[in-house]
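One structure below.
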There are 2 protein chains.
Amino acid sequence: MPRGTTERMATYLRVIDTLASHGVATAPSTTLAQRAGVSAAQFRKDLSLAGATSGVRGSGYVLSRLRGELRRALGGFSRVRFVIVGAGNLGRALASSSAFRRDGLDLVAIFDVDPRVVGSEVAGLRVRHDSDLGQVIAEQDVAIAVIAVSEDHAQVVADNVVGAGVREILNFVPVALRVPTSVEIRTVDLGVELQMLAIHARRT
Amino acid sequence: MPRGTTERMATYLRVIDTLASHGVATAPSTTLAQRAGVSAAQFRKDLSLAGATSGVRGSGYVLSRLRGELRRALGGFSRVRFVIVGAGNLGRALASSSAFRRDGLDLVAIFDVDPRVVGSEVAGLRVRHDSDLGQVIAEQDVAIAVIAVSEDHAQVVADNVVGAGVREILNFVPVALRVPTSVEIRTVDLGVELQMLAIHARRT
DNA sequence: GCATGTGAAGTGGTTCACAGCA
DNA sequence: TGCTGTGAACCACTTCACATGC
């Protein structure tokens, strides 16, 4: 399944849920695609690539059924646990964001090293000290660590979570982290899109 | 210039600056590419597409010269002003992030509607009330608005900034905003990468 | 008749491999 | 000889267009 297809799945699910909550039970690809901001052809091709073929020719898709198919394409319904390391502005924003409250994803803990932050409550969780990282990751079978700490602290955190058994890292720090090849790591640069817009703006 | 090439430029600049600060004056594509996490072929192709051709066959690139060429490819050195609307966790995180402190980008104001937040200081700026939006955008010739407000407030903000003359919007709210076609809008979904990792984790 | 599902065509970006030059 | 710059081959994704089936 192409990467782009997978990325758009989340949007499709959101569109389906929004329509369903408005009492819509069935919709054609044109409607769904428009709401998701893609072409109808792309929408149908994505579904095809995902193995979702529950559409009814002549009328469209039964949303409840389509939803189940997309969920299955995204790896089923098993739950994945993750932690956030760094309870600064970004860490708190991520913890509270609806973007991080996805089906099947469980935020089990937030960590920080600042004693003024440790113990405070964020998104319903008490912030714990980094020294608890290893224990929590092992006991709760945490699969993913989100790193949102300062630039000079990121590598240490990466080493710690990898040592504790985490196999996937989502890195929000603009630094190239070194991890074993067995660990999947993705780095998000929050400034990239802003820069793209700035370039566009300069050309206008 | 391909979109991917533009995106990688920021990374290249960072690599160049890091090496330069370590006293390195010249480096071949293999070194620069490895540090940026791309292949040497891609690195050279990117430079070629960007019109940067100051490499010296047999020895590599003079970093100071290469840096100037990349900056020029990113639209020159003219300054672009932007504002952030929403001083919640995310807005504050973005305002403070080094990712948003890019060459040529000036954050001129942060806005919020919450009276408890208005007047507080974020990243050296005093948070202003949304009612000042139009005035600030017009007076300071603001090109870009970053939207980091709640989901039910995002469309109103978009309408306001567009009405005030903004031509580019960076949207961090997981909602499809409707704007005139003349306005360039990019939506960033902070949860996409987490979801990609979750899918990968489920398959392991 | 209408909308899906999908081969086929088209598009855009990456990798290859080598000519050209210090 | 060593490394750049780039045309050409390759690959992946998107768009098109239509056969298929309700």
Side-chain angles (χ1 to χ4, degrees), chain A residues 1-12 15-16 19 24-70 72-74 192-193 196 199-200, chain B residues 1-12 15-16 19 24-70 72-74 186 192 196 199-200:
Chain A
M1 195 158 82
R3 180 192 159 84
T5 297
T6 311
E7 287 184 359
R8 285 186 290 274
M9 287 295 169
T11 308
Y12 297 161
V15 168
I16 291 169
L19 282 173
V24 179
T26 205
S29 64
T30 47
T31 302
L32 294 166
Q34 197 200 326
R35 299 235 173 182
V38 301
S39 70
Q42 170 135 229
F43 179 82
R44 292 201 305 277
K45 181 56 112 180
D46 280 341
L47 262 52
S48 173
L49 292 168
T53 58
S54 70
V56 182
R57 285 154 205 260
S59 69
Y61 302 84
V62 176
L63 298 188
S64 59
R65 191 154 152 60
L66 180 58
R67 182 169 207 295
E69 288 196 283
L70 296 190
R72 181 157 26 78
L74 290 182
V192 163
E193 293 295 333
M196 302 297 279
I199 292 167
H200 188 264
Chain B
M1 194 159 83
R3 180 193 159 83
T5 298
T6 310
E7 287 184 358
R8 287 186 289 273
M9 286 296 169
T11 308
Y12 297 162
V15 168
I16 290 168
L19 281 174
V24 179
T26 206
S29 64
T30 47
T31 302
L32 295 166
Q34 197 201 327
R35 299 233 174 185
V38 300
S39 71
Q42 170 135 232
F43 179 82
R44 292 201 305 277
K45 179 57 112 182
D46 281 340
L47 262 53
S48 173
L49 292 167
T53 59
S54 71
V56 183
R57 283 154 206 261
S59 70
Y61 302 85
V62 176
L63 298 188
S64 58
R65 191 153 153 58
L66 180 58
R67 183 170 207 294
E69 288 195 284
L70 295 190
R72 180 157 27 78
L74 291 181
R186 283 169 191 269
V192 164
M196 302 296 279
I199 292 166
H200 188 266

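Only heavy atoms go into these numbers, but all of them, side chains included; no hydrogens, no water, no symmetry mates. Proteins get letters first, then strands, A, B, ... in listed order; numbering begins at 1 in each. Given the structure is predicted, the values throughout are model-derived calculations rather than measurements.
Within 4.0 Å (heavy atoms only), B:T31 reaches no atom of the nucleic acid at all. A:T30 comes within 4.0 angstrom of nothing in the nucleic acid, heavy atoms only. If you check every strand for non-hydrogen atoms under 4.0 Å, B:S54 touches sugar and phosphate atoms only.
For the side-chain contact (heavy atoms from CB on, under 4.5 Å) test, residues two or more places apart in sequence or in another chain that qualify with A:A73 are A:A50. When the side chain to side chain donor-acceptor pair (under 3.5 Å) test is applied to B:T5, the partners found at least two apart in sequence or on another chain are B:D46. The side-chain contact (heavy atoms from CB on, under 4.5 Å) search around B:S59 returns B:V56, not counting sequence neighbours. Scanning for side-chain contact (heavy atoms from CB on, under 4.5 Å) contacts around B:S64 gives B:V62, with sequence neighbours left out. Applying the salt bridge (charged side-chain N to carboxylate O under 4.0 Å, His left out) criterion to A:R67, with sequence neighbours excluded, gives A:D17, A:D103. Every residue meeting the salt bridge (charged side-chain N to carboxylate O under 4.0 Å, His left out) condition with B:R186, not counting sequence neighbours, appears here in chain and number order: A:E193, B:E184. When the salt bridge (charged side-chain N to carboxylate O under 4.0 Å, His left out) test is applied to A:R44, no partner is found at least two apart in sequence or on another chain.
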What are the atom names and distances for every N/O pair under 3.5 Å that joins the protein to nucleotides 1-3 of chain D?
from  : atom 1 : to    : atom 2 : distance (Å)
D:dC3 : O4'    : B:G58 : N      : 2.9

Pairwise N/O distances under 3.5 Å, protein to nucleotides 7-12 of chain D:
from  : atom 1 : to    : atom 2 : distance (Å)
D:dG7 : N7     : B:K45 : NZ     : 3.4

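For DNA chain C, the outermost nucleotides in 5' to 3' order that have an atom under 4.0 Å from a heavy atom of chain B are C:dG13 to C:dA22.
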Query raised in the report: Going through the checks in order, is the side-chain contact (heavy atoms from CB on, under 4.5 Å) test met by B:I16 and B:Y61?
Result: CA-CA 10 Å; B:I16 290 168; B:Y61 302 85; over 6 Å; no
Report task. Start with the C-alpha gap between A:T30 and A:Q34, add the side-chain angles, then the distance that decides, and say whether side-chain contact (heavy atoms from CB on, under 4.5 Å) holds. Result -> CA-CA 6 Å; A:T30 47; A:Q34 197 200 326; over 6 Å; no
Query raised in the report: After noting the C-alpha distance and the side-chain angles of A:L66 and A:Y12, does the key distance pass the side-chain contact (heavy atoms from CB on, under 4.5 Å) rule?
Result: CA-CA 10 Å; A:L66 180 58; A:Y12 297 161; over 6 Å; no
Query - Verdict with reasoning, A:V192 to B:T6, per side-chain contact (heavy atoms from CB on, under 4.5 Å) - result: CA-CA 9 Å; A:V192 163; B:T6 310; over 6 Å; no
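Only B:R8, listed by number, bring a heavy atom of residues 4-12 of chain B to less than 4.0 angstrom from any atom of DNA chain C.
When side chains are defined from C-beta on, B:P28 counts as touching B:T31, because their heavy atoms get closer than 4.5 Å.
Sorted by first and then second residue, the side chain to side chain donor-acceptor pair (under 3.5 Å) pairs involving residues 48-57 of chain B (not counting sequence neighbours) are B:S54-B:E69.
The distance between atom CZ of A:F43 and atom P of D:dC16, rounded to the nearest whole Å, is 18 Å.
In terms of position on DNA chain D, the residue among B:L49 and A:A41 whose nearest nucleotide sits closer to the 5' end is B:L49.
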